[in-house]
Structure formats: structure tokens, C-alpha cells
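Scope of the values below: all heavy atoms of this structure, side chains included, with no hydrogens, waters or symmetry mates.
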Amino acid sequence: MAVEFKAKQDPIHSQTIQSNSMIKGITSVSAIAQSADFDKLSSLFSALGFEQGKGWQDAQGRGSAFLAPIGKLEFVTGRPPAVPPILIEVTQLDHIRSLVENWLLADHRTEDLPTVLSPVESTDWNSRLFTVQLTPDLRLGFWQSENPLHGQPIAIEGDLSAAGMRFAIVTTRWNTVITDRLLQGSLDALHRSGAAKHDIEIVRVPGAWEIPSAARTLAEGKRFDAIITLGCLIRGETAHYEAIYTEVARGIGQSQQETGIPHTFGVLTCETLEQALDRAGLKAGNKGFEAAIAAIEMVSIQRKLASQNGQATK
């Protein structure tokens, strides 16, 4: 009898394989001597969250397959690493160890567990690992990387350097007790990120209603890499609050889509003045600072995408 541990092909590493490759996956086959152990192991792997694959049975034995999202076959030479031949990467290592420990207690006394189940220990390859001797012939290792980005898909992301970028900030004279705080937050973010003073232009409009028009004019001039919009709408002070907010949001979004210039949304929509003050730097961060950081990142992303598109057309 055998338990198969199948793995789907890693989509990231598969990009390096030639297009005519016929490789689909890797299967590791482990023999289980006792039928009772086979059934228990199948039950354990199902409980651990492995996807059940297609099993088999004939006159000589039977098999049970378990699928994992990513598989890797590793060859070594020289001194072999002090790890089990089968390693399973997980995201909640301590929880997995508790599940395995509870499973082992069905056949082992508590005082005997250290002989088959190791504690979680740090490795010299930036991870944590524990091992378990499931049967006399089957030893597994469960591990979790200490790198939070390990295994994450490759993505294009923006950098937070504003050097050489030009920004326009549209803010309002209405509710200046709030918008001036948002403006200071935006300027702080831009200067901290390397933007020069002469590369930042501030435009003040009467109120939130006028923000989209000014943003559109600035964007159409193509002098700026991004437009930062700042404003404040408080329901208690504006009877037509919903209508204004809807049109402001629509206008800013439409300007961004039609001009291709990133616009970031730093227009607060609050129920009370206290809520607005909190979001302008008192308790809930400064939304002007956040809007400026988003603008820097979007300019960086656009430049990277444009660079890739230019290379693709050559």
C-alpha cells in the first residue's frame, strides 16, 4: 500500500520551462506497512487540509493521493541536510503541530510523544520546523518561513520615492480647520519622500464641489504626474451632502480615467466635526498624508508599466 503526495506545478517557476515541456507535477510515493496506519494517515492528511486526489485499489494494495498547491523536487550532494525527506510548508505551524499532537495521542502516551514529535525549532534557513515520525518508515517535516513575502506571487508595485515627480494638490477653503491639516499631511509625505518644493503646486478652490473641475484642468495640462485632491464634507453642515459627495467622487474618478493621470482621493466624508478631526491627524492618521503616499506609488507604478510596454513593442 502507498500514500501518494502529489503537487501541482508551481506557476512562477514553470515560466522558466520551455513551452513544449510535458512536465505536469511531482509525486512522492511512500509505503505504509499496516492497513490500520494507512487509514489513520489518510484521515490525518485530510484533517490537515490537503486536497484529496484520485486514489486506487487493486488485488495487491491501494493508494490515497493528496494534492498541494506547489511542489518541488530537490537534489542534494555532499552532506545531506538534517531534515526529513518529505517537507510540507504550512502557514500556521503551531496550529498544525497541535493537530498532529492530538492525532498522535490516540496511540501514544503523553510522556512518549517527544520520541515521535519534535518541538518547533528555528532553522538556519530562516524558518521554523518540527518533525513527526508517523510510522517507522515515514518521517515528515512541517515548516513555515519567517519571511512574510516568501511564496507570494511576483507583482509590480510602486516605490515610495518622489524624487523627480511633479504633483498638484487641489484643496478647499471651506472647512480649512480640516483641509489645512490634510494639506500639511500631504506636503509632509511628499517632502519626506524626496519631492522638491518647486515640483509641488497647490490650488485652492472654494469647496468640495469645485475640486473635480480644477483637478481636470490640471490633469489635462499634462504638467503633473499625479493630482492629490483634498476636501471635507460633514453631513451636519451640508443639507445636500449625499449629492455633493456623489458628484465629487464621480468627477475625480472620471478625470483620472479620461486623462490617464493618477488622482488620489483625500476628500473626507464625515458625520461630525470630531470625526473629521480624527481623520485629519488626531486619532485615525492623516488622510492627506495617505493620499500623497498613494499618489507617489501610482506614479511609480505607471512608469514601470510604461517601461514594460515600451520594451514589449520593440
### Task
Could you give me the CA-CA distance, side-chain angles and deciding distance for Ile296 and Met298, then say whether side chain to side chain contact (heavy atoms under 4.5 Å, CB included) is met?
CA-CA 6 Å; Ile296 298 168; Met298 284 305 301; over 6 Å; no
### Steps toward salt bridge (charged side-chain N to carboxylate O under 4.0 Å, His left out) verdict (Asp159, Arg303)
CA-CA 10 Å; Asp159 301 319; Arg303 290 181 175 181; over 6 Å; no
### Message
What verdict does the side chain to side chain contact (heavy atoms under 4.5 Å, CB included) test give for Gln184 and Arg181, after you've listed the backbone C-alpha separation in whole Å, the side-chain angles of each residue and the deciding distance to 0.1 Å?
### Response
CA-CA 5 Å; Gln184 289 305 312; Arg181 292 170 183 260; 5.8 Å; no
### Task
Could you walk me through whether Arg250 and Gln254 pass side chain to side chain donor-acceptor pair (under 3.5 Å), step by step?
CA-CA 6 Å; Arg250 184 194 62 79; Gln254 185 174 348; 2.6 Å; yes
### Message
As a quick check of understanding, evaluate side chain to side chain contact (heavy atoms under 4.5 Å, CB included) for Leu218 and Glu201, giving each step before the final call.
### Response
CA-CA 10 Å; Leu218 290 164; Glu201 186 168 309; 4.2 Å; yes
#### Entry: Evaluation steps, side chain to side chain contact (heavy atoms under 4.5 Å, CB included), between Ile156 and Gln308
CA-CA 11 Å; Ile156 297 174; Gln308 284 194 347; 3.3 Å; yes
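Contact detail for Thr229 and Ala215: the closest heavy-atom pair is CG2-CB, 4.2 Å. Residues Thr179 and Cys232 come closest through the heavy atom pair CG2-N, 4.1 Å. Nearest heavy-atom pair across Ala280 and Asn286 is O-ND2, 3.2 Å. Of all non-hydrogen atoms in Ile301 and Gly158, the two that sit nearest each other are CG1-N, 3.3 Å. In terms of heavy atoms, Ser161 sits closest to Met165 at O-CE, 3.2 Å. The two residues Leu160 and Ser193 make their nearest non-hydrogen contact at O-CB, 3.5 Å.
Looking only at side-chain heavy atoms (C-beta outward), Ile252 and Val267 come within less than 4.5 Å of each other. Residues Val132 and Ser118 are not in side-chain contact: their nearest non-hydrogen atoms beyond the backbone lie 4.5 Å or more apart. Residues Glu258 and Glu220 have side chains not in contact (no heavy-atom distance under 4.5 Å, counting atoms from C-beta outward). Side-chain contact between Thr110 and Leu105: present, with at least one pair of heavy atoms (C-beta onward) separated by less than 4.5 Å. Considering only heavy atoms from C-beta on, Trp103 stays 4.5 Å or farther from Leu117 through its side chain. The closest side-chain heavy-atom distance from Thr264 to Ile227 is not below 4.5 Å. Side-chain contact between Gln92 and Val90 is absent, with no heavy-atom pair separated by less than 4.5 Å. Leu190 places a side-chain heavy atom less than 4.5 Å from the side chain of Ile228.
A donor-acceptor distance shorter than 3.5 angstrom exists from the side chain of Thr217 to the backbone of Ser213, with no hydrogens or angles considered. Formation of a donor-acceptor pair under 3.5 Å by the Asp37 side chain with backbone atoms of Ile32 is not found in this model. At least one donor-acceptor pair under 3.5 Å links the side chain of Arg166 to the backbone N or O of His198. Ser122 places no side-chain N or O within 3.5 Å of a backbone atom of Arg128 that could act as its donor or acceptor partner. Side-chain N or O atoms of Thr131 include none that pairs as donor or acceptor with a backbone N or O of Gly141 at under 3.5 Å. With hydrogens and angles ignored, the 3.5 Å screen pairs a side-chain donor or acceptor of Lys222 with a backbone N or O of Thr259. Side-chain atoms of Glu210 come within 3.5 Å of backbone N or O of Gly207 as a donor-acceptor pair. Judged by distance alone, with hydrogens and angles left aside, the side-chain atoms of Ser127 form no donor-acceptor pair with the main-chain N or O of Ser145 at under 3.5 Å. Side-chain N or O atoms of His263 include one that pairs as donor or acceptor with a backbone N or O of Ile261 at under 3.5 Å. Using modelled atom types, no side-chain atom of Gln302 and backbone atom of Glu297 make a donor-acceptor pair closer than 3.5 Å.
In this structure, a donor-acceptor pair under 3.5 Å is present between the side chains of Gln52 and Ser64. Side-chain atoms of Thr272 and Arg235 form no donor-acceptor pair, as typed in the model, at a separation below 3.5 Å.
The CD1 atom of Ile234 lies 8.5 Å from the CG atom of Leu268; values are rounded to the nearest 0.5 Å. A distance of 11.5 Å separates CZ in Arg216 from CD in Gln256, rounded to the nearest 0.5 Å. How far CZ of Phe167 is from CG of Leu187: 11.5 Å, rounded to the nearest 0.5 Å. The structure places CZ of Arg139 at 11.5 Å from CD1 of Ile86, a figure rounded to the nearest 0.5 Å. Atom SG of Cys270 and atom NZ of Lys287 lie 9.5 Å apart (nearest 0.5 Å). Note: Phe45 CZ to Leu140 CG = 4.5 Å, rounded to the nearest 0.5 Å.
Leu129 and Ile88 fall into different hydrophobic clusters, where Ile, Leu, Val, Met, Phe, Trp and Tyr are joined by side-chain heavy atoms under 4.5 Å apart, directly or via other members. No path of Ile, Leu, Val, Met, Phe, Trp and Tyr side chains, each step under 4.5 Å between heavy atoms, connects Leu44 with Trp143, placing them in separate hydrophobic clusters. The hydrophobic cluster containing Val177 also contains Leu183, counting ILVMFWY residues as joined when their side-chain heavy atoms lie under 4.5 angstrom apart, directly or transitively. Cluster membership check: Leu87 does not share its hydrophobic cluster with Leu93, using side-chain heavy-atom separations under 4.5 Å among Ile, Leu, Val, Met, Phe, Trp and Tyr. Linking Ile, Leu, Val, Met, Phe, Trp and Tyr whenever their side-chain heavy atoms come within less than 4.5 Å puts Ile202 and Leu230 in one cluster.
The local environment of NE2 in His95 is sparse, with at most 12 non-hydrogen atoms from other residues, nucleotides or ligands closer than 6.0 Å.
Salt bridge absent: Glu157 and Lys304 never bring a charged side-chain N and a carboxylate O closer than 4.0 Å. Using a 4.0 Å cut-off between charged side-chain N and carboxylate O, Asp180 and Arg204 make a salt bridge. Looking at Asp188 and Arg192, a side-chain N of the basic residue comes within less than 4.0 Å of a carboxylate O on the acidic one, giving a salt bridge. Using a 4.0 Å cut-off between charged side-chain N and carboxylate O, Arg223 and Asp199 make no salt bridge. Between Asp94 and Arg97 there is no salt bridge, since none of the side-chain N atoms of the basic residue sits less than 4.0 Å from a carboxylate O of the acidic one.
Ring orientation note: the planes of Phe265 and Tyr245 are nearly perpendicular, at an angle over 60° on the 30°/60° scale. Below 30°, between 30° and 60°, or above 60°: for Phe66 and Phe50 the angle between ring planes is above 60°, a perpendicular geometry.
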